[in-house]
Amino acid sequence: MKRYDPQSIEPKWQEIWEKTGVFKTPDEPKDKQYVLDMFPYPSADGLHTGHPRGYTATDVFAHYRRFTGHDVLHPIGWDAFGLPAENAAIKKGVHPAENTAQNIENFRRQLKRLGYSYDWDREVNTSDPDYYKWTQWIFTELFKAGLVYRAAGQQWWCPKDKTVLANEQVVDGRCERCGSEVTKKELTQWYFKITEYADELIDSLDELDWPEPIKAMQRNWIGRSEGLLFSAPVKDMDLEIQTFSAHYEAFRADTFVVIAPDHPLLPRLIEDTENEAQVRQFCDYLIEKRIKRGFEEEKESEGIFTGRYVVDPVGNGELPIWVASYALADYGTGIVKCSAHDERDFKFAKKYRIPLKAVLMPKDAKERRQVEAFEECYTDFDQGVLTEPEELAGKRAHDVSEEVKGYAEKHELAKRQTQYKLRDWLISRQRYWGTPIPIIHCDKCGPQPVAEKGLPVELPDVKDYLPTGDGRSPLAKVTDFVKTTCPKCGGPAERETDTMDTFADSNWYFLRYPNPRKEDGAFDKEALRQWLPVDMYVGGAEHAVLHLLYARFWTKALADRKYLGFREPFKSLRNQGLIMAEDGRKMSKSLGNVVNPDDVIKAFGADTLRLFELFIGPFDQPAAWDTKGIEGSYRFLKRVWAFGQGLLEAPDGVDQETDIAETGLERAVSKATKRITSSIEQFRFNTAVSGLMEALNGLQEQVAKTGPHAVYRPYFERYLILLSPFAPHLAEELWHELGHEESIFTQDWPTVDESAIKDETVPIPVQVNGKLRATLELPADGLSEAVVTEAALSEAAVKKHLAGKPKKAIYINGKLLNLVG
RNA sequence: GCCGGGAUGGCGGAAUUGGCAGACGCAGCGGACUUAAAAUCCGCGGCCGCAAGGCGUGCAGGUUCGAGUCCUGCUCCCGGCACCA
């Protein structure tokens, strides 16, 4: 009997599969399935144990879809631009291009060693000019569509990476990449107008088959809130200010107004007032304090009276305008009407002894007295009852929401307004290793997009790619690159020297796979029609608001430019949970608890690693690595191997006893097929693997009755097909040993024999008063209530717990009998 | 604070629509093989109890013939967002 030797069979089949092209993408797909992984960022560390979890899942899914007659596109590529590559390159003194190429080579080797069924002819590499040419082209298209603009402003700045960061890349006041504390810097930068799509980005989430938490995060991030916009004249001034309110129902409680210290209207507001200098000084102090504080929440708000009043449009008289540190210039209008029914307003008013008024009351009398005395801040707009205005008195704020909106609109007191937390996407990066922004600055004509024939704007191959830290990219020092002519007037002009955020690269790569080598366009209409949208997309939940939101935005923008015939790129999305270290902590080099997939493959083979990563726990949940657990998966594959070898060496010919075993084998395989099929479809790979284990146990049990026999082979062959998406090498090897010339992957998915699944006798649990007292073993057919009840009543254990005749009986057909005494 | 997700043996986890709680695996115990060990194979296994039996899915209630699953009220853990008006 041959020994199970993954080290020899796995590379052998990988080579054969590649040579014969079994996993190549079909040309004219009829029943297509686009099964996609979030492409990896090729870091110097190579694959970590988290990668194979998601990649094996999609691979199993892709195989399964092929087996069930679908034409599958299952590609892979490299998200190759980006800061970490550049930082690593700087550290090692190797050019990022060279460093990235090495890393990709290593990643490719590792992925191939795992036996994934990728179509390797379709690799894309975002740092390849043939790719980023089209990233730049899309940029210019969006520019022409008015979805790209330049603006000056305070930007988050990472002092270590020496580049600006988007809001999304700042986590707890730190740079998402390197963990340094971020600061602010005044810069002119490029933005994508993602806010233009805010509504659609929220609304169309409903139609997506995505994990609910991811949808919730996107809704949250976009942060839509519908309310009223009030306009109010400033007393003794020719000036109107506007305020946004989401909780306008208690508008009669407004007693003051706050404005952000950095609000653009503020200088005008305080001009020529008595306290002008003092207010200005205080605002400077507040602004500085906020920058220093970063993302930490202020313990106690501070403010100062501006000396100005607004005349309230809804009848609350003249309201004093205060500068308040808690007011944000970039949300709503930056000015807020304030009341006793907001925690922050309430606290602020108490601190500065600003008068308050309560018009929203709890039902409870004691609580009510506290609210009336301003001892408590009451903010429950769902349960609270209004006391003013008279028309609404006694009604719940929640119930009159629409009524108030309608009334305010009708009498022109306010307008309906929707606000978003989502900000436009800042894409300029002052770093070398990225896609150059294809813009030419001309003194006469302004910024001009580079025409398609001028693309790609190639990243110059320079020695000095170190970030400068002065707010300009290292490209600014490359005179040959910078100096050019204006595409409009032909005069001397300068190139934009910033590069794009790497999320721009990954925004559209899934559109490139259907036509990866197309030279005269980013994508081919017919190829996109054949393959897009992506049917199954798998990756980590950490991309919930960055990549997944941006990619949706570009898809919609390109659809509006008539380039795409769909508005959502990813129909179904699944997230894999993190693989933690065995100690339950995150794997990290500094903790020394990292498991390297290469080592695992060396010890157990790729099939074991694949199987174990799926068996480790529910796919979307985090799981801790388990050294003993992987041995268990290895043991299982060895048992499959030994079982196969047993059948190979078994004698031919038929005798009567084998019939009984065959019935049992049919049952085991049919049951397994049913269970594994539904598990894969639901992305519950851990139960799919236990289904495989259970089935092997069943096969062994049956065969043990007669010993191995050649007539059992067809059952085992069907079993191998079920196993093959998980352990492709082992399955293929045994398949061929069993005498097949063609690859196992040309076969059809096994069918289920429903009649075989049915057992001849079934166990019927008998409960007395809901408690299990006996289990009857009865023939599967003819299980009427009368038959079962009669059998149950003759059981000693049932009699014992049942005093006399049962008052009532609940019989669930073929499943359970409950006697109530 | 707000929004998600979760809590089941020693451990990871199973359990269609409410119907035998603990599948499958890990660790453990007992046995076979072996001079011995590893590997492999067979068996046992929620807790308490000698047993009959009782108790068991985070806690407290409820609905139901019957609840891990449904309802109400909590506790704790994980993730995301957070002066967002």
Side-chain angles (χ1 to χ4, degrees), chain A residues 171 211-221 223-225 227 243-248 258 260 290 293 295-301 324-328 330-339 341-345 347-348 379 419-423 541-542 544-545 577-578 612 615-618 620-624 626-633 635-636 638-639 642 675 678 682 684 686-697 700 704 763-775 797 800-801 806-821:
Chain A
V171 178
E212 208 43 57
I214 301 291
K215 291 197 204 180
M217 276 191 246
Q218 292 213 349
R219 282 192 198 101
N220 233 309
W221 190 262
R224 178 162 67 190
S225 97
T243 71
F244 172 74
S245 179
H247 290 303
Y248 45 81
V258 296
R290 184 181 284 176
R293 198 173 65 235
F295 273 74
E296 252 165 80
E297 202 171 313
E298 191 180 44
K299 281 177 208 83
E300 195 178 301
S301 296
S325 58
Y326 69 88
L328 302 171
D330 62 350
Y331 184 78
T333 64
I335 309 175
V336 195
K337 284 213 294 169
C338 301
S339 79
H341 302 300
D342 178 283
E343 295 275 1
R344 295 154 306 167
D345 298 348
K347 264 174 119 176
F348 188 79
T379 59
Q419 285 297 334
Y420 306 89
K421 290 186 207 171
L422 183 71
R423 297 294 127 86
E542 69 273 15
V545 285
L578 282 177
F612 177 64
F615 187 56
I616 196 166
D620 56 353
Q621 227 95 311
D626 181 0
T627 313
K628 287 290 180 186
I630 192 149
E631 284 174 24
S633 294
R635 263 201 289 274
F636 164 66
K638 281 198 286 190
R639 286 205 292 132
R675 180 163 175 200
S678 86
Q682 295 173 72
R684 300 175 55 157
N686 56 330
T687 58
V689 175
S690 38
L692 286 166
M693 292 171 166
E694 218 168 30
L696 182 68
N697 292 344
Q700 285 185 321
I764 302 287
V766 179
Q767 300 180 339
V768 177
N769 294 324
K771 277 196 176 149
L772 182 72
R773 294 302 174 190
T775 303
K800 187 176 165 188
H801 291 274
K807 288 196 191 88
K808 197 177 165 187
I810 292 101
Y811 178 62
I812 311 297
N813 197 18
K815 276 193 173 162
L816 177 141
L817 177 71
N818 187 10
L819 299 169
V820 184

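Heavy atoms only: backbone and side chains are in, while hydrogens, waters and symmetry mates are out. Chain identifiers are assigned alphabetically (A, B, ...) following the order of the sequence lines, protein sequences preceding nucleic acid strands; residue numbering begins at 1 within each chain.
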Give one of base, sugar-phosphate or nothing for A/Ile616, where a contact means two heavy atoms less than 4.0 Å apart.
sugar-phosphate
Could you tell me whether the phosphate oxygens of B/U40, OP1 or OP2, come under 4.0 Å of any side-chain nitrogen or oxygen in A/Lys638?
yes
Residue-phosphate contact under 4.0 Å: A/Asn220 side-chain N/O, B/C2 OP1/OP2:
no
Just call it for A/Gly332: base, sugar-phosphate, or nothing, with non-hydrogen atoms closer than 4.0 Å on any strand.
nothing
Under a 4.0 Å N-O cut-off, is there an ion pair linking A/Glu212 with A/Arg219?
yes
Suppose you measure atom P in B/C77 against the same atom in B/U63; what distance do you get, rounded to whole Å?
32 Å
Closest heavy-atom pair and its distance - A/Phe244, A/Gly332
CB-CA, 4.4 Å
Anti versus syn assignment for B/G79, with syn defined as within 90° of 0:
anti
Atom CG of A/Asp620 and atom P of B/G4 are separated, to the nearest Å, by 17 Å
Identify whether any heavy atom of A/Gly334 sits under 4.0 Å from a base atom; if not, whether one sits that close to sugar-phosphate; answer base, sugar-phosphate or nothing.
base
Does a salt bridge link A/Asp342 with A/Arg344, judged by any charged N lying under 4.0 Å from a carboxylate O?
yes
Whether A/Arg675 side chain and A/Ala695 backbone form a donor-acceptor pair below 3.5 Å:
no
Rounded distance (Å) that lies between atom C1' of B/G25 and atom CZ of A/Phe615:
4 Å
Need one value for A/Asp330: base, sugar-phosphate or nothing, where a base atom within 4.0 Å counts as base even if backbone is also close, heavy atoms only.
nothing
Does a nitrogen or oxygen in the side chain of A/Arg219 sit under 4.0 Å from OP1 or OP2 of B/C2?
no
Please determine, by modelled atom types, if A/Asp345 and A/Tyr326 share a side-chain donor-acceptor pair under 3.5 angstrom.
yes
Categorize A/Arg224 for me: base, sugar-phosphate, or nothing, with a 4.0 angstrom heavy-atom threshold over every strand shown.
nothing
Spacing between A/Phe612 atom CZ and B/C11 atom C1', to the nearest angstrom:
12 Å
note: A/Glu542, atom CD; B/G5, atom P; distance rounded to Å ~ 19 Å
Whichever of A/Asp345 and A/Met693 has its nearest RNA chain B nucleotide further upstream toward 5'
A/Met693
Quickly work out the A/Leu696 CG to B/A23 P distance and round it to whole Å.
18 Å
Phosphate oxygens OP1/OP2 of B/C84: is one of them under 4.0 Å from a side-chain N or O of A/Arg344?
yes
Respond yes when some side-chain nitrogen or oxygen of A/Arg635 is under 4.0 Å from OP1 or OP2 of B/A38, and no when none is.
no
Side-chain N,O (A/Asn697) to OP1/OP2 (B/G25) below 4.0 Å
yes
Would you say A/Ser690 places a side-chain N or O within less than 4.0 Å of OP1 or OP2 belonging to B/G13?
no
For A/Ser225, report the nucleic acid contact type (base, sugar-phosphate, nothing); a contact means any heavy atom under 4.0 Å.
sugar-phosphate
Counting the atoms with a prime plus P, OP1 and OP2 as sugar-phosphate, which does A/Ala327 contact under 4.0 Å by heavy atoms, base, sugar-phosphate, or nothing?
base
Find which nucleotide of RNA chain B each of A/Leu328 and A/Glu694 is nearest to by heavy atoms, and output the residue with the more 5' nucleotide.
A/Glu694
